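None of the values given here were measured: they were computed from a predicted structure. Along the sequence shown, the residues carry numbers beginning at 1.
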Amino acid sequence: MKIAILIDEPRVSYLPGEEGLSEDLQKRKTVKNLKEVLSKRFECSLVKADSDIISKLQNENVSLVFNLCNGIRGETRQAQIPAILEFAGIPYTGSSILGHTLAINKNYACKVFKGSGVPTPEFICIYDKDDLMQLRNREIKFPVLIKPCDEGSGRGIHQDSLVYDFRSLKRKVQQELRLYNPPIMITEYIKGREFTVGILGNGNNLKVLPILEISFEALPDDLAKFYSFEVKSNYADKTIFRCPAPLDNKLKTKIENTAKKAYNALSLRDYARVDIRVKDDTPYVLEVNSLPGLQKGYSDITKMAGACKLGYEGLILKIVENAINRYKQASEQKVI
């Protein structure tokens, strides 16, 4: 069986500065990690996604694509490669066009959560400066967190994204509108313990990895206590990761059930990561990453796998197994 690891072209020209460089470096390290694991069991190749991607994969006679593509540009860019692969009939790991489209667009994801009874912070979406001016007529309970609608890994969420007054809010939203796709989201800030939950599987056959708590208690006093890009990039040594998280059984079950409900509400497949904050014993889903990072020992979901018998190698092979079984079941259902 031949597996192609599919990656994007570098996105630095579209996401300039430290954010783009960090993303591309993480992707290169992840590819190295994946090849080491997959090459033990499968014939493995590395393919860059470009305009000739279908012919490249067909010429290599690939059985399965391990999809790592976030996409380069466009508001549904994470769904572009799945769309191309489905058009060509090439099996791939991870979520479908629908799952990625919903998950990457936090506006729609939050609407789905609300409609599905999944607790999520209140939010307002700003598409342009006219929407921003109308905010003066809205009652906003500060502080609020300002973030792009369709970025991940802390991109667009900086220390100054947590704002305490309208003047700061206006300045930050205008800045975000220049850099990222609209809408920009103004979200209720949930002050409480933060967790991230890794999920493997499909439908009712879901496995929840050990829950990871992210604690900011050791950060310098002048930093806001949330997972900003600066914290992820510069203060990893001051960020405390507890896995498995110290939780009583009741709260642990609440978090797990909420994460699974959010996962299925967005029609996700094979694997994903759900970010949660807990306030008054209620888990609020902040967002879901349908294509979480897989850099060994660095990405959150790999930390969770390392905290149980699965381990990093088991995590990667389980993702492949989930995808193979999903296509096998789909094929058997067609025959029936």
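D222 CG: more than 12 foreign heavy atoms inside a 6.0 Å radius. No more than 12 heavy atoms of other residues, nucleotides or ligands sit less than 6.0 Å from atom CG of D280. Environment of CG in N61: sparse, with no more than 12 heavy atoms of neighbouring residues, nucleotides or ligands closer than 6.0 Å. The number of heavy atoms from other shown groups lying within 6.0 Å of NZ (K252) does not exceed 12. The number of heavy-atom neighbours closer than 6.0 Å to NZ of K114, taken from other residues, nucleotides and ligands shown, is above 12. More than 12 heavy atoms of other shown residues, nucleotides or ligands fall within 6.0 angstrom of atom NZ in K2. When the shell of 6.0 Å around CZ of F241 is examined, it contains more than 12 heavy atoms from other residues, nucleotides or ligands.
Counting heavy atoms from C-beta outward, K191 and K279 have side chains that stay 4.5 Å or more apart. Side-chain contact between M1 and I324: present, with at least one pair of heavy atoms (C-beta onward) separated by less than 4.5 Å. Side-chain contact between L177 and K129 is absent, with no heavy atoms from C-beta onward closer than 4.5 Å. Taking the side chain as every heavy atom from C-beta outward, L286 and Y227 never approach each other to under 4.5 Å. Counting only heavy atoms from C-beta outward, the side chains of K35 and V31 approach each other to under 4.5 Å. Under the 4.5 Å side-chain criterion, counting only non-hydrogen atoms from C-beta, L132 is not in contact with D128. Looking at heavy atoms from C-beta onward, Y180 lies out of side-chain contact with C149 at the 4.5 angstrom threshold. With contacts defined as side-chain heavy-atom distances shorter than 4.5 Å, the pair I319/L315 qualifies.
With hydrogens and angles ignored, the 3.5 Å screen pairs a side-chain donor or acceptor of T101 with a backbone N or O of I97. Between the side chain of Q80 and the main chain of G71, no donor-acceptor pair closer than 3.5 Å is present. Put simply, the side chain of D131 gets close to the backbone of Y127: a donor and an acceptor are under 3.5 Å apart. A donor-acceptor pair under 3.5 Å is formed between the side chain of T120 and the backbone N or O of V285. Distance alone, capped at 3.5 Å, is enough to place a donor-acceptor pair between the D165 side chain and the S168 backbone. With R269 contributing its side chain and G94 its backbone, the two residues share a donor-acceptor pair below 3.5 Å. A side-chain donor-acceptor contact under 3.5 Å links N33 to the backbone of K296. Of the possible polar contacts, one joining the Y312 side chain to the L294 backbone as a donor-acceptor pair under 3.5 Å is found. Side-chain atoms of T302 come within 3.5 Å of backbone atoms of S299 as a donor-acceptor pair (strictly under, hydrogens ignored). A donor-acceptor contact shorter than 3.5 Å is absent between the side chain of S116 and the backbone of F113.
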The test is side-chain hydrogen bond (donor to acceptor under 3.5 Å, both in side chains); show your working for H100 and S290 and say whether it passes. CA-CA 6 Å; H100 282 312; S290 60; 2.7 Å; yes
For a side-chain contact (heavy atoms from CB on, under 4.5 Å) check, start with the C-alpha distance between V65 and I3, then their side-chain angles and the critical distance, and finish with the verdict. CA-CA 6 Å; V65 165; I3 294 180; over 6 Å; no
I'd like to know whether Y92 forms a ring-ring contact (aromatic ring centres under 6.0 Å, His included) with F66, so could you lay out the CA-CA distance, the side-chain angles of the two residues, the decisive distance to 0.1 Å, and finally the verdict. CA-CA 6 Å; Y92 60 94; F66 200 113; over 10 Å; no
After noting the C-alpha distance and the side-chain angles of D275 and I214, does the key distance pass the side-chain contact (heavy atoms from CB on, under 4.5 Å) rule? CA-CA 10 Å; D275 295 339; I214 306 167; over 6 Å; no
Given S228 and Q159, is the side-chain hydrogen bond (donor to acceptor under 3.5 Å, both in side chains) satisfied, shown in steps? CA-CA 6 Å; S228 64; Q159 281 289 297; 2.9 Å; yes
Begin with the C-alpha distance, continue with both residues' side-chain angles, and end with the deciding distance and a verdict on side-chain hydrogen bond (donor to acceptor under 3.5 Å, both in side chains) for E60 and S45. CA-CA 9 Å; E60 291 205 19; S45 64; 2.9 Å; yes
Is there a side-chain contact (heavy atoms from CB on, under 4.5 Å) between L247 and I255? Walk through the geometry before answering. CA-CA 10 Å; L247 292 163; I255 292 172; 3.9 Å; yes
So I124 and M185, side-chain contact (heavy atoms from CB on, under 4.5 Å) or not? Walk me through it. CA-CA 6 Å; I124 301 169; M185 295 183 71; over 6 Å; no
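Comment: E188 does not engage K141 in a salt bridge, judged by the lack of any side-chain N to carboxylate O separation of less than 4.0 angstrom. For E313 and R41, the salt-bridge test fails: no basic side-chain N is under 4.0 Å from an acidic carboxylate O. Between K303 and E213, no side-chain nitrogen of the basic residue sits less than 4.0 Å from a carboxylate oxygen of the acidic one, so the salt-bridge criterion is not met. Salt bridge status for D8 with K48: absent, with no side-chain N to carboxylate O gap under 4.0 Å. K225 and E194 are not joined by a salt bridge, as no carboxylate oxygen comes within less than 4.0 angstrom of a charged side-chain nitrogen. For the pair D270 and K318, the salt-bridge criterion is not met [side-chain N within less than 4.0 Å of a carboxylate O]. A salt bridge does not link K254 with D281: every distance from a Lys NZ or Arg NE/NH1/NH2 to an Asp or Glu carboxylate oxygen is 4.0 Å or more. A salt bridge between E176 and K147 is absent, with no side-chain N of the basic residue lying under 4.0 Å from a carboxylate O of the acidic one.
Between the CD1 atom in I84 and the CG atom in L57 there is a gap of 10.0 Å [rounded to 0.5 Å]. Considering CG of N107 and CD1 of I184, their distance stands at 11.0 Å, rounded to 0.5 Å. In this structure, the separation between CD1 on I53 and CD on Q58 is 10.0 Å, given to the nearest 0.5 Å. The structure places CG of L310 at 6.5 Å from CG of L200, a figure rounded to the nearest 0.5 Å. Here K27 contributes atom NZ and I5 contributes atom CD1; the two are 11.5 Å apart, rounded to the nearest 0.5 Å. Here the straight-line distance linking atom CZ of R277 with atom OG1 of T282 works out to 15.0 Å at 0.5 Å rounding.
Cluster annotation: I301 and V274 are assigned to distinct hydrophobic clusters (Ile/Leu/Val/Met/Phe/Trp/Tyr, side-chain heavy-atom contacts under 4.5 Å, transitive). When the side chains of ILVMFWY residues are joined at heavy-atom separations under 4.5 Å, either directly or via intervening members, I276 and L268 end up in a single hydrophobic cluster. V118 is not connected to Y284 by any chain of hydrophobic side-chain contacts under 4.5 Å among Ile, Leu, Val, Met, Phe, Trp and Tyr, and they are in different clusters.
Judged by a 6.0 Å distance limit and a 45° cone about the ring axis, K29 is not positioned over the six-membered ring of Y298. For the pair K260 and Y263, the cation-pi criterion (under 6.0 Å, within 45° of the ring axis) is not fulfilled.
Y189 and F226 have perpendicular rings, their planes meeting at more than 60° on a 0 to 90° scale where under 30° would count as parallel.
Listed here is the closest heavy atom pair of A4 and V47: CB-CG2, 4.0 Å. Scanning both residues, E86 and S96, for their nearest heavy atoms gives OE2-CB, 4.0 Å. Of all heavy-atom pairs between Y327 and I90, the closest is OH-O, 4.4 Å.
With sequence neighbours excluded, no residue forms a side chain to side chain donor-acceptor pair (under 3.5 Å) with K207.
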